[in-house]
Number of protein chains: 2
Amino acid sequence: MAHELERKALAQYLEDHSLKHTKQREAILEVFLEVEGHITGDDLHRRVQQRHPGIGYTTVYRTMKLLCDAGLASERHFDDGVTRYEVEHEHHDHLVCVRCGKIVEFECSMIESAQDDIVERYGFRLLRHRHELYGHCPGCRDD
Amino acid sequence: MAHELERKALAQYLEDHSLKHTKQREAILEVFLEVEGHITGDDLHRRVQQRHPGIGYTTVYRTMKLLCDAGLASERHFDDGVTRYEVEHEHHDHLVCVRCGKIVEFECSMIESAQDDIVERYGFRLLRHRHELYGHCPGCRDD
DNA sequence: TCACGAAATGAAAATGGATGTCGTTTTCAG
DNA sequence: CTGAAAACGACATCCATTTTCATTTCGTGA
């Protein structure tokens, strides 16, 4: 059984918050971790169903919210308005191909520090940000 | 009657695309231009109603889509998932206060050029981007 | 100016992702 | 083992936006 670390993290989180360890949560975590990249609640539900018929989408949504709270997943909202989930890891931003839908992650410390300057200039206190570049990926550009 | 330039632009666009010049479109444009900042379809519809009862929200949504196509407005999607419209002008990004909802626009050429580097590094062709900083504004921060 | 076809309108219904409700089932501490 | 709390799943509901469609309006060209 893979993903021992994450399973432990979930178990820990559940215990710390007096929440219950159910097969559904276990199953959803497992399926979610096998997904590479970003997945919508609906797609995730479909995948979960394949292996564990009977798990409803309500539970999938609830569980994903839980995994986000537990720091194992995070929610992303791209331009189509549909919520997508990704495995939580180092901070990064996204490059999205508007043709094929491919999503590439990037990270840029120069931008991060420039952001800090901006925030300071306006007197804001930064909580989080969102930076997405939309275009055509190498395979889709036609020039 | 204000906003002559924009009215002309709309008229031009309609003519170029064999679309019709209606009172509703005129009215919605007028009300939209008077709004400072970012407005949701719903709010805009409410405002339009005050001055021009009878204009349905369907028409407001359709017209805003049209104004976007005509380059007079642009759509923005912040984290709450609701579409907001703003008057189209120089490129800029946003600083959003998650407490009071205030939205401040900013512009940063350093970030823009850093973006270009990233895009090039991954072989993408950049079409547009979205860069939002979420936090607390000077009036809302509690430290 | 008129008339006609194309386009636009608006009311209502549909959509679709996400969340709330509620009766039933499961978990787990004592 | 038992009971209360939590979670489940089916379904209903929400709500912004879109679609549908019958009716009205626009504007070209006769």
Side-chain angles (χ1 to χ4, degrees), chain A residues 7 10-32 38-70 73-85, chain B residues 7 10-29 31-32 38-70 73-85 101:
Chain A
R7 298 161 74 88
L10 173 61
Q12 186 65 51
Y13 180 86
L14 293 174
E15 189 175 353
D16 291 350
H17 295 256
S18 312
L19 299 174
K20 293 176 178 171
H21 198 296
T22 65
K23 5 183 164 311
Q24 289 89 339
R25 286 173 175 175
E26 192 79 6
I28 293 167
L29 173 64
E30 202 62 29
V31 173
F32 168 62
H38 307 71
I39 191 165
T40 62
D42 210 55
D43 278 351
L44 183 56
H45 173 240
R46 239 188 306 283
R47 290 215 200 192
V48 167
Q49 280 279 331
Q50 286 171 11
R51 199 149 359 128
H52 308 273
I55 294 186
Y57 54 83
T58 311
T59 301
V60 171
Y61 278 113
R62 277 190 292 228
T63 302
M64 287 317 297
K65 193 145 287 185
L66 175 74
L67 293 184
C68 288
D69 291 344
S74 57
E75 264 189 41
R76 295 285 177 174
H77 304 266
F78 297 108
D79 261 2
D80 60 3
V82 187
T83 304
R84 265 164 246 268
Y85 299 96
Chain B
R7 298 161 74 89
L10 173 60
Q12 186 66 52
Y13 180 86
L14 294 174
E15 187 175 329
D16 292 350
H17 295 256
S18 311
L19 299 174
K20 292 176 179 172
H21 197 297
T22 65
K23 3 183 166 309
Q24 288 91 337
R25 287 173 174 174
E26 192 78 6
I28 293 166
L29 173 64
V31 173
F32 169 63
H38 307 70
I39 192 165
T40 63
D42 209 55
D43 278 349
L44 182 56
H45 172 240
R46 238 188 305 284
R47 290 215 200 192
V48 167
Q49 279 278 329
Q50 287 173 10
R51 201 151 355 130
H52 309 272
I55 294 186
Y57 53 83
T58 312
T59 302
V60 171
Y61 278 112
R62 278 191 292 229
T63 301
M64 288 317 296
K65 192 145 288 183
L66 175 74
L67 293 184
C68 288
D69 290 344
S74 58
E75 265 189 39
R76 296 284 176 173
H77 303 266
F78 297 109
D79 262 1
D80 61 2
V82 187
T83 305
R84 266 164 246 269
Y85 299 96

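Letters A, B, ... are given to chains in the order of the sequence lines, protein chains preceding strands, and every chain is numbered from 1. Reckoned from all heavy atoms, side chains included, excluding hydrogens, waters and symmetry mates. Quick caveat: nothing in here was measured; it's all calculated off a predicted structure.
Comparing B/Ser18 and B/Thr59 along DNA chain C, the residue whose closest nucleotide (by nearest heavy atom) sits nearer the 5' end is B/Ser18. Taking for each of A/Leu19 and B/Leu14 the nucleotide of DNA chain C with the nearest heavy atom, the 5'-most of the two is the partner of B/Leu14.
Using a distance-only test at 3.5 Å, with no hydrogens or angles considered, no donor-acceptor pair links the side chain of A/Arg7 to the main chain of A/Leu29.
Counting to the nearest Å, the C1' atom of D/dC15 and the CZ atom of B/Arg46 are 13 Å from each other. Rounding to whole angstrom units, NE2 of residue A/His77 and P of C/dG17 are separated by 14 Å. Here the P atom of nucleotide C/dT19 and the CG atom of B/Asp80 are 13 Å apart, to the nearest Å. Atom CZ in B/Arg84 sits about 15 Å away from atom C1' in D/dT17, given to the nearest Å.
Atoms OH and CG, from A/Tyr85 and A/Asp43 in turn, are 12.0 Å apart once rounded to the nearest 0.5 Å.
Taking 4.0 angstrom as the limit, B/Lys23 places a side-chain polar atom (N or O) nearer than this to OP1 or OP2 of D/dC26. For A/Gln24, no side-chain nitrogen or oxygen approaches OP1 or OP2 of C/dT26 to under 4.0 Å. The shortest distance between the side-chain N/O atoms of A/Thr22 and the OP1/OP2 oxygens of C/dT26 is not below 4.0 Å. A sub-4.0 Å separation between OP1 or OP2 of D/dT17 and a side-chain N or O of B/Thr83 is present.
Side-chain contact between A/Ile55 and A/Thr63 is absent, with no heavy atoms from C-beta onward closer than 4.5 Å.
Here B/Gly54 lies in heavy-atom contact (under 4.0 Å) with sugar-phosphate atoms only.
Nearest to the side chain of B/His21, among D/dT17, D/dG27, C/dG17, sits D/dG27.
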Under 3.5 Å, which protein N or O atoms sit close to an N or O of nucleotides 18-20 of chain D? Give each pair with its distance.
from   : atom 1 : to      : atom 2 : distance (Å)
D/dT18 : OP1    : B/Lys65 : NZ     : 2.9

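No hydrogens or angles considered: nothing links the side chains of A/Gln24 and A/His52 as a donor-acceptor pair under 3.5 Å.
The pair A/Arg46-A/Asp42 counts as a salt bridge, with a side-chain nitrogen and a carboxylate oxygen less than 4.0 angstrom apart.
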Practice item. For side-chain contact (heavy atoms from CB on, under 4.5 Å), just list the numbers for A/Leu14 and A/Thr22, CA-CA rounded to whole Å, side-chain angles, deciding distance to a tenth of an Å, and then say yes or no. Key: CA-CA 10 Å; A/Leu14 293 174; A/Thr22 65; over 6 Å; no

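Considering every non-hydrogen atom in both B/Arg25 and B/Leu10, the closest pair reads O-CD2, 4.2 Å.
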